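Quick caveat: nothing in here was measured; it's all calculated off a predicted structure. Per chain, numbering begins at 1; letters A, B, ... match sequence-line order. As a basis for the values below, the full set of heavy atoms in this structure was taken, side chains included, without hydrogen atoms, waters or symmetry mates.
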Amino acid sequence: MRAFKLEKIAIKARTHTCGELRAEHDGLTVTLTGWVDSRRDHGSLIFVVLRDVYGISQVVFDPSEDKQVYESARELKNEYVIKLTGKVRRRPEGMVNPNMATGEIEVVAQDVKILNRADVPPFPIVDDVDASEELRFRYRYLDLRRPELQKNIVLRHRAAQTVRRYLDGQGFFEIETPFLMRSTPEGARDYLVPSRIHKGKFYALPQSPQTYKQILMIAGYDRYFQIVKCFRDEDLRAERQPEFTQIDMEMSFVEEEDIFRIAEGLMRTLFDEVIGMSLQTPFPIISFDEAMQRFGTDKPDVRFGMEISDVSEFVRSSEFKVFSSTVAGGGIVAGINLKGGAGYSRKQVDGLNQFVIDLGGKGVLTAKVKEDSWDSSIRKFLTDAMISGINEKLAAEAGDLLILIAGEKMQTLTNLGKLRNKLARDENLISKEEFKPLWVTEFPLLEFDEEEQRYVAMHHPFTSPREEDLALFDSSPGKVKARAYDLVLNGYEIAGGSIRNHRLDIQMKVFNLLKIDDKEAREKFGFLLDGLRFGAPPHGGIAFGFDRLLMLLAGENSIRNVIAFPKTTSALSLMDNAPAEVSEKQLKELGLKIIASL
RNA sequence: GGGGUCGUGGUGCAGCUUGGUUAGCACACCGGCCUGUCAAGCCGGAGGUCGCGGGUUCGAGUCCCGUCGGCCCCGCCA
């Protein structure tokens with residue numbers, strides 16, 4: 001990839017790129033342009049490594065070849081931009097560098113021209129840079145000059161082209177949707193844009209093009225896609241940026257399986273063409289309930305085991321109050337088995353306990369499994385039958401560490417799920433080379449929001465309920481399942497979507513459950529509701545988190561390393577200092593006034 | 001909104017627990033030597049007042065409070 005040939009670029013200033021010269025070019029006179037990567041001065045022999053985005057080449061300045069050119073090389077410093085002409089020759093016996101793509105040859109300098117000088121950079125332009133991320137962000141143009149990041153950015157380009165080619169081949173049309181749209185209720189906090197022409201009114205930047213793509217289906221475009229920026233004004237994480245890119249898709253006349261096949265085909269093509277890895281399709285499917293039960297999360301990492309087991313049945317009548325009363329009160333006792341973890345020290349076990357307490361739980365109870373019994377503070381409260389039951393359920397063997405949590409069902413499972421991930425990281429149970437995608441389906445349509453004291457959509461308010469659950473709408477809305485699905489890869493949600501409501505009556509029923517009355521629905525989503533009245537086809541779609549997917553393809557653990565200009569965890573851009581104050585004049589034009597910042 | 005952690009020459013770190021000599025090391029940088037390096041080597045040199053503000057103290061990089069910023073996590077993210 002980095003040995004791109006110059007003939008394809010056709011720039012007069014140079015004849016070749018820094019990455020393309022090989023033994024076959026021996027004897028050729030070439031001109032290269034690029035940045036000085038390093039200079040090694042041997043007194044009367046100077047080596048300069050020249051770099052561009054395509055690779056690096058070694059240049060030799062030899063006074064016995066050309067005294068004057070040799071003298072001018074003494075002036076070269078790191079990151080100077082130069083144009084260099086010289087003769088390619090095979091390196092002498094024993095001097096070949098096998099770690100370098102161009103290591104068989106070197107260029108004997110005949111002429112060098114400094115196109116621009118450079119100050120000493122604040123950090124070296126090398127792959128294993130140890131500069132802080134803060135510094136790298138401030139000088140992002142230098143950071144982006146590092147081969148490692150250039151590789152990621154080029155990988156991103158390749159992936160985007162692959163997406164376009166694949167989806168075009170599947171009959172999708174790429175259609176742009178507005179960035180300036182109206183703010184809608186539900187979901188994430190919007191980024192707002194004040195209107196100058198209509199003072200006091202605001203546009204919102206899209207959290208996703210959701211309504212537009214549904215409108216496109218109603219308009220008959222059949223298959224739509226877009227590689228598009230989305231904006232959410234929420235707090236950041238290693239895998240979350242305030243603006244991020246989605247591969248957004250929507251299709252008419254489809255059911256879940258149709259979308260799975262397209263999404264799987266896209267994944268296969270991406271993994272094959274971008275990193276040369278073949279994925280097995282179809283991907284396995286598990287339900288939301290099963291994911292929660294076995295992994296304590298709706299985005300399980302299935303590259304390792306350590307699954308959660310519910311052991312409530314064994315301790316229901318235990319003398320240990322914490323267990324028996326939890327189960328009696330409708331809660332559960334569940335646990336995971338850290339194979340070979342019996343060697344954990346008191347301090348390590350305390351650490352696990354504190355981890356769960358920090359998550360808002362009550363802590364953990366542990367048992368070190370011995371040949372005939374347990375080494376545990378709760379041993380004395382449990383009968384032999386209880387212990388062997390739990391042992392069997394958790395597949396416990398001597399030398400294992402069992403970690404149990406008692407409490408409300410969802411919280412217990414969730415905390416065990418987080419503990420499971422933490423332990424896998426701590427114990428290095430995760431293979432870096434492996435990719436294990438799976439579909440998670442049968443999500444609840446709604447979840448109860450304690451803060452707002454009402455149901456909110458788990459996916460989004462346009463998601464269709466399952467036909468067979470319509471009867472539950474009035475009696476127990478919390479039990480209604482949605483026709484929604486997530487694609488999970490190695491513990492990351494990399495895509496999510498649903499079959500949408502194309503029938504107006506069902507859409508209105510969902511709005512009513514969300515406590516959005518007819519008037520508000522009409523006001524906020526009138527255009528979409530009207531559209532549903534004029535011949536809306538059944539439709540559904542999915543959106544991939546492009547940055548997250550690239551992070552996994554590139555083997556990075558932060559989304560920031562696959563985004564050219566990312567923001568910090570406090571949503572700042574350290575290079576250009578956004579966000580920034582604006583002039584009085586600008587505010588006045590917008591009819592805005594800043595109230596004292598708190 | 002909350003928790004954790006970090007902030008010391010250009011860069012990465014040590015020093016902080018037990019306040020007190022010229023704040024130490026490595027890399028980078030500058031000068032010199034060196035014809036086969038590719039983490040080049042050898043010799044020499046310059047460069048910091050410890051994120052910022054306040055406090056305690058005879059005395060603060062070191063203790064306390066606040067604040068700003070980076071990173072990680074919880075909440076949040078349909």
Problem - Donor-acceptor pair present, A:R89 side chain and B:G36 base, under 3.5 Å - result: yes
- For residues A:D62 and A:S64, is any side-chain donor paired with an opposing acceptor at under 3.5 Å? yes
Tested for side chain to side chain contact (heavy atoms under 4.5 Å, CB included) against A:R500, the lone hit among A:Q507, A:M217, A:H460 is A:H460
| message | Taking atom OH as the centre, does A:Y203 end up with more than 12 heavy-atom neighbours from other residues, nucleotides or ligands that are less than 6.0 angstrom away? | response | no
- Take A:F231 and A:F179, measure what ring pair (Phe, Tyr, Trp, His ring centres under 6.0 Å) needs, and give me the verdict at the end. CA-CA 9 Å; A:F231 306 84; A:F179 274 7; 5.5 Å; yes
pair_partner(B:C25), Watson-Crick or wobble, both distances < 3.5 Å, evaluates to B:G12
The answer to which of A:L135 and A:M100 contacts RNA chain B further toward the 5' end, by nearest nucleotide, is A:L135
In Watson-Crick or G-U wobble terms, with both distances under 3.5 Å, the base opposite B:C42 is B:G32
**Message:** I'd like to know if A:N97 reaches the base of B:C38 with its side chain, counting only an N/O donor and acceptor under 3.5 Å.
**Reply:** yes
A:S44 has its side chain closest, among B:U35, B:A28, B:U37, to B:U35
task: May I ask you to say what A:P461 touches in the nucleic acid, namely base, sugar-phosphate or nothing, with a heavy-atom cut-off under 4.0 Å?
output: base
With the side chain defined as heavy atoms from C-beta on, A:D41 is closest, among B:G1, B:U35, B:C34, to B:C34
Per atom distances to the A:R240 side chain, the nearest of B:G75, B:G36, B:A28 is B:G75
Ignoring backbone atoms, establish whether A:K77 has a side-chain N or O less than 4.0 Å from OP1 or OP2 of B:C30. yes
note: A:D358, atom CG; B:G2, atom C1'; distance rounded to Å ~ 11 Å
By nearest-heavy-atom nucleotide on RNA chain B, the more 5' of A:S38 and A:P121 is A:P121
Considering every strand and a 4.0 Å limit on heavy-atom distances, what is the contact class for A:D130: base, sugar-phosphate, or nothing? sugar-phosphate
A:Y70 atom OH is separated from B:G36 atom P, nearest whole Å, by 12 Å
Mate of B:C58 across any strand shown (Watson-Crick or G-U wobble, both atom pairs under 3.5 Å) is B:G20
In 5'-to-3' order, the base (B), backbone-only (S) or no-contact (-) status of each nucleotide in nucleotides 67-72 of chain B, using a 4.0 angstrom heavy-atom cut-off, is --SSBS
### Message
Tell me whether A:F123 and B:U11 count as stacked here, given that the ring centres must be under 5.5 Å apart and the planes must differ by less than 30 degrees.
### Response
no
Here the distance between atom P of B:C74 and atom CD1 of A:I357, to the nearest Å, is 17 Å
task: Tell me yes or no: between the side chains of A:Q241 and A:D547, is some donor less than 3.5 Å from an acceptor?
output: no
Decide, applying a 5.5 Å centre-distance limit and a 30° plane-angle limit (both strict), whether A:H42 stacks on B:A40. yes
Answer for the Watson-Crick or wobble partner of B:G7, both distances under 3.5 Å, is B:C68
Please report the distance separating the C1' of B:C13 from the corresponding atom of B:G7, rounded so that it comes out in whole Å. 12 Å
*In terms of side-chain heavy atoms, does A:Q226 have a donor or acceptor partner in A:T177 at a distance below 3.5 Å?*
yes
